Amino acid sequence: MPVVATVPDKPVLEGLEEKWKARWNADAIYRFDRSADRSRVYSIDTPPPTVSGSLHVGHVFSYTHTDLIARFQRMRGRAVFYPMGWDDNGLPTERRVQNYYGVSCDPSLPYDSGLLERVVRANAAGGLPDPGAGKSSSKSGPALAVSRPNFVELCAVLTAEDEKVFEALWRHLGLSVDWALTYATISTDARWVSQRAFLSLVAKDRAYQLEAPTLWDVDFRTAVAQAELEDREMPGAYHRIRFDVRDTGQSVEIETTRPELIPACVALVAHPGDERYRSLLGREAVTPLFKVPVPIRAHPLADPEKGTGVAMICTFGDVTDVTWWRELGLPVRAVIQANGTLRPVSWGAPGWESLDADAARQHYEALVGLSATKARARIVDQLREADVLLGEPRPITHHVKFFEKGDRPLEIVTSRQWFIKSMEVRAQLLERGRELEWIPEHMRSRYENWVNGLAGDWCISRQRFFGVPFPVWYRLREDGTTDYDARLVPSEDRLPIDPSTDVPEGFTAEQRGTPGGFVGDPDVMDTWATSSLSPFIVCGWKRDEALWKQTFPMDLRPQAHDIIRTWLFSTVLRSHLEENVLPWKHAAISGWVLDPDRKKMSKSKGNVVTPMGLLEQHGSDAVRYWAAKGGPGVDTAFDAGQMQVGRRLAIKLLNASKFVLGKTAPEGPLTHVLDRGLVTRLAELVRGATSSFERYDYTAALRDIETFFWWFCDDHIEHVKRRRAGAGEDAASATSACLAALSVMLRLFAPFLPFVTEEIWSWWQSGSVHRSPWPTEAELTRLLGGTADADADRAVRHASEVTAFIRRERSLRKLPFSVPVTSVGLPDALQGDWPRVSDDVLAGNNATQARVSFGAGLSVDFAMPAGS
RNA sequence: GGGCGGUUAGCUCAGUGGCAGAGCACCGGCCUUACACGCCGGCUGUCACAGGUUCAAGUCCUGUACCGCCCACCA
């Protein structure tokens, strides 16, 4: 049957995105097949981007990688489960909503059902601000205090707008997501899963609440987890300070970078083996200024090399202080409060005993209410006046722990928090990490590094508003204090709840906050406590048993390497604790996009190109081409040049396809050796590309496919085009081979260049190329009569060699193609293949009249133009 | 300080024991009937360094240097 193709006269790339993204949506070609058997399903745990930030070129890069795999698996016949999520939960959204609507959250307020409409209407004028501009664009005037449910409503309204923009970009990029599966981390579903899974952990005693010293951000006024820390280099100074040793007339010197914590000092410590201080152990020192007697103790963590070898233990200056405090059984004498300032204390009262309470009061009065930094400057003056500061402070730079989103160093504040027990399952988590297939393999060590370095259980409570609330209330005693042991939890069918407005079973709303009544847990969960459940959210855990069986454990977790310690780790943990299984088979870790200076592209450097602008400038296929060149886990330079190359490739595909489809000669069996060689080599290409893709090595697949395609255009087409223009058996053979090659190459390119391949496919095929079967060796060898044709493959190589030689000679002699070849000399080795390829090779080189002879090597002569 | 990765052409990179490669850039030529948004060709190397294993090393081993990342490091 002759091919009927509708080929445009001048095919172009412009407009393909608009045309095909609409069609794919209308035809639902990426819809997940709910009837597919588990063995046929390929499920992907897509990273939900933070919608209150901006998508940048790094997202385009890594999400393309996932899409390449999704498209390959789909064409291989898998029912691909490929949802998109939006991370709209957490601090970034909270900040953005506060600024945008001029509101602040007050969890003690009752829900106001009319507030949403009023606030949104008041803000209706003017477009949405730039999502990235959150921090600086705060509204003037006092913030309107709203209840937590109202605040969450506003978050939902604003993030819905952001999500539309994100979705439009992903569609334009050609991600083959099933948009019917989209989820959001603050959605009812996600809150249900978070609360249900949390209650499950509590029931299994895998989660607990504890009042303990916790890493604390004084600006956000919330606890933070180990995974959210980062170290920053800060200027600081060593202050050498003299403490008197009680009853001896001796003194001892310490060095500290935080002299403002002297009022919080509870002990001094030295190494047990440090001879210099052995005689002091067991004695008491007296803190300067505040005259508090503190014990001098020994602990192996005290480093004789640091400072004077004696350290001041404060509650709490750093995590080592916490260790010392706990292991030495020391009292708490906390001065830093939640907002980072020094709180008032009663000198002389229990716990604040002083040998000179008046002096302590007087010195401390000047410090109360000051931030740590200001208090430090003040106390240095006091120490100097008291003549206990030895020498001047010695400036140093040191590393200080920060909340990754914070602006001031973390403090350690005692507070009541929820924790998930991760320490006790550390060994099993390491085992899970070994079970997981990492792409690339070496990323596993990042995970092991992190698990081995865990310092404590995972603190999941945050003193914020926008997030999933803890579904817990507490009884109030008759004296009005909270009885944290008398926990009230809702029945499962009420989830999700908000304990700040919902009422526990058996109570009335009036009993909230009253003696004998109840109070809701004020906190929300860490955003990772929800994100870690993404497989549970998308796969229908405890809500859709059929879907769960069909999709979980998932096949692929794609993500970047910087969140191995957070998202990947926490997901493995939750899946292990809840289902006792690894959440996915493979983890594909993408690299970063680097700017030409080899630095990670970041907004602050002002070098981020807007993704939509990029797609519009180069075309989505071209940008995808560049992205596909970056292998898994490989940081890749932003390179507009590669996008240009991708664009040219797409254009070349249009033109080559136009040529192949332009002649509708009858098809016939593959009689000609060059056609048989083409198909043989094609089968080899398919084998290699398939195996590369199966190993998630899409980069190698693309390279091989592309190389083949250019050879097809440059050599094969040039050889056969004249034969194909003729008639008869050999013309039919050429037509058949070219059509087969085109069909195969379009399908091979389809994951990389979904728009241009779909466009060309539509010229002559029905249905979507993205739903067509991935090519197989078998379909090609069938054309050859059952087996690959090694002789033909060799003949093809010889043909290309001769052509390359003639072209080189023509070029070196600067002769146009119109000057015909008069004679060709060939090595004897070619005698066997030559008769079968000579017509095509000679025709392709304007050499049809040339004399051919055999001898030692290659030679060629041209009809020299007159005058040369 | 611990761990991981990298170092190959001017640039970006591939190369998984067997003749050092691709694209870009640069230079030269060509409108040959799909494509001038094209085609053909050319130039370009201390494979970071030092040692070792091997018939054979860019590739495997040991060490060094530098770059990047992860983790730890607040007295």
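Just the heavy atoms: all of them, side chains too, but no hydrogens, waters or symmetry mates, feed the values below. All values reported here derive from a predicted model rather than from experimental measurement. So that the names make sense, note that chain A is the first sequence line, chain B the second, and so on, each numbered from 1.
Between the CG atom of A:L702 and the P atom of B:G23 there is a distance of 14 Å, given to the nearest Å. Between the CH2 atom of A:W450 and the P atom of B:C70 there is a distance of 12 Å, given to the nearest Å. One can place CG of A:D697 at 10 Å from P of B:A14, the figure rounded to the nearest angstrom. A:L594 places its CG atom 18 Å from the P atom of B:G5, with the value rounded to the nearest Å. The distance from atom CZ of A:R647 to atom P of B:C35 is 18 Å, rounded to the nearest whole Å. Residue A:L649 contributes atom CG, which lies 15 Å from atom C1' of B:A34 at whole-angstrom precision. For the pair A:R808 CZ and B:C40 C1', the interatomic distance rounds to 11 Å; values are reported in whole Å. A straight line from NZ of A:K306 to P of B:C73 spans 9 Å, rounded to a whole angstrom.
Among the nucleotides B:C74, B:C30, B:C24, the one closest to the side chain of A:P816 is B:C30. The A:A637 side chain lies nearest to B:U12 when the options are B:U12, B:A34, B:G38. Distances from the side chain of A:K401 to the nucleotides B:A14, B:A34, B:C74 place B:C74 closest. For A:N449, the listed nucleotide lying nearest its side chain is B:G2; candidates were B:G2, B:C39, B:C37. Closest to the side chain of A:K10, from the set B:A72, B:C73, B:A36, is B:A36. Comparing B:U32, B:C69, B:A34 by their nearest atom to the side chain of A:F817 picks out B:U32. Closest to the side chain of A:R807, out of B:U32, B:G41, B:C35, is B:G41.
A donor N or O paired with an acceptor N or O is not found under 3.5 Å between the base of B:G5 and the side-chain atoms of A:S445. Donor-acceptor pairing under 3.5 Å, judged by distance alone, is absent between the side chain of A:H398 and the base of B:C74.
In secondary-structure terms, RNA chain B builds stems of at least 3 consecutive Watson-Crick or G-U pairs, each pair having both distances under 3.5 Å, at B:1-7 with B:65-71, B:10-13 with B:21-24, B:26-30 with B:38-42, B:48-52 with B:60-64.
Using a 4.0 Å heavy-atom criterion, one finds that A:R565 contacts the sugar-phosphate atoms exclusively. At the heavy-atom level, A:E441 lies nowhere under 4.0 Å from the strands shown. Within the 4.0 angstrom heavy-atom criterion, only backbone atoms of the sugar-phosphate kind lie near A:D714; the bases stay farther away. Residue contacts shown for A:W626 are absent, as no nucleic acid heavy atom lies under 4.0 Å away. Nucleic acid contact class of A:I564 (heavy atoms, under 4.0 Å, all strands): none. If you check every strand for non-hydrogen atoms under 4.0 Å, A:L410 touches a base. Backbone-only engagement by A:K814 is indicated by non-hydrogen atom pairs under 4.0 Å involving sugar-phosphate atoms exclusively. Residue A:I651 is in base contact, counting any heavy-atom pair closer than 4.0 Å across all strands shown. In this structure, A:E448 reaches neither bases nor backbone, as no heavy-atom distance under 4.0 Å exists between it and the strands shown. Across all strands shown, A:K629 has no heavy atoms under 4.0 Å from either base or sugar-phosphate atoms. A:H399 comes within contact range of at least one nucleobase, with a heavy-atom separation under 4.0 Å. Within 4.0 Å of A:A302, counting heavy atoms only, lies at least one base atom of the nucleic acid. Residue contacts for A:K652: at a heavy-atom cut-off of 4.0 Å it reaches a base atom on one of the strands shown. Residue A:L301 is classed as a base contact, given a heavy-atom separation below 4.0 Å to a base.
B:C67 sits 43 Å from B:C40 when the P atoms are compared, rounded to a whole Å. Going from the C1' atom of B:A72 to that of B:C4 covers 15 Å, rounded to whole Å. Distance check on atom P: B:A48 versus B:G15 gives 15 Å, rounded to whole Å. Comparing the same atom, P, in B:C47 and in B:U7 gives a spacing of 14 Å after rounding to whole Å. Taking atom P in both B:U59 and B:G2, one finds a spacing of 26 Å when rounded to whole Å. The separation of B:A34 from B:G21, taken at their P atoms, amounts to 33 Å, rounded to a whole angstrom. Look at the P atom in both B:A9 and B:G23: the space between them is 16 Å, to the nearest Å. The same atom, C1', is picked in B:C11 and in B:A50; the two are 29 Å apart, to the nearest Å.
When the side-chain nitrogen and oxygen atoms of A:T256 are compared with OP1 and OP2 of B:C74, none of them lie within a distance under 4.0 Å.
Sequence order on RNA chain B of the closest nucleotides to A:R446 and A:D318 puts A:R446 first from the 5' end. Between A:E14 and A:V269, the residue anchored nearer the 5' end of RNA chain B, judged by the nucleotide with its closest heavy atom, is A:E14.
Residues A:F712 and A:F659 place their aromatic rings such that the two centres sit no closer than 6.0 Å.
A search for side chain to side chain donor-acceptor pair (under 3.5 Å) contacts involving A:E392 returns A:R384, not counting sequence neighbours. For A:R797, the salt bridge (Lys or Arg N to Asp or Glu O under 4.0 Å) test picks out A:D793, with sequence neighbours left out.
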What's the verdict on salt bridge (charged side-chain N to carboxylate O under 4.0 Å, His left out) for A:E801 and A:R808, showing C-alpha distance, side-chain angles and the deciding distance?
CA-CA 11 Å; A:E801 275 168 36; A:R808 184 160 50 247; over 6 Å; no

Assess the residue pair A:T707 and A:R703 against the criterion (side-chain hydrogen bond (donor to acceptor under 3.5 Å, both in side chains)); give the C-alpha distance rounded to whole Å, side-chain angles, the decisive distance to 0.1 Å, and a yes or no.
CA-CA 6 Å; A:T707 302; A:R703 186 185 57 236; over 6 Å; no

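In this pair, A:H716 and A:W711 present their aromatic rings tilted. The plane angle is within the 30 to 60° band.
The shortest non-hydrogen separation linking A:F403 to A:R232 is O-NH2, 3.4 Å.
A:R810 contributes a side-chain N or O that, together with a main-chain N or O of A:N845, makes up a donor-acceptor pair within less than 3.5 Å.
Defined by atom type and a distance below 3.5 Å, a donor-acceptor pair is missing between the side-chain atoms of A:S811 and A:R807. In summary, the side chains of A:T822 and A:D861 do not present any donor paired with an acceptor at a separation below 3.5 Å, with no hydrogens or angles considered.
No side-chain heavy atom of A:T315 sits under 4.5 Å from any side-chain heavy atom of A:P213.
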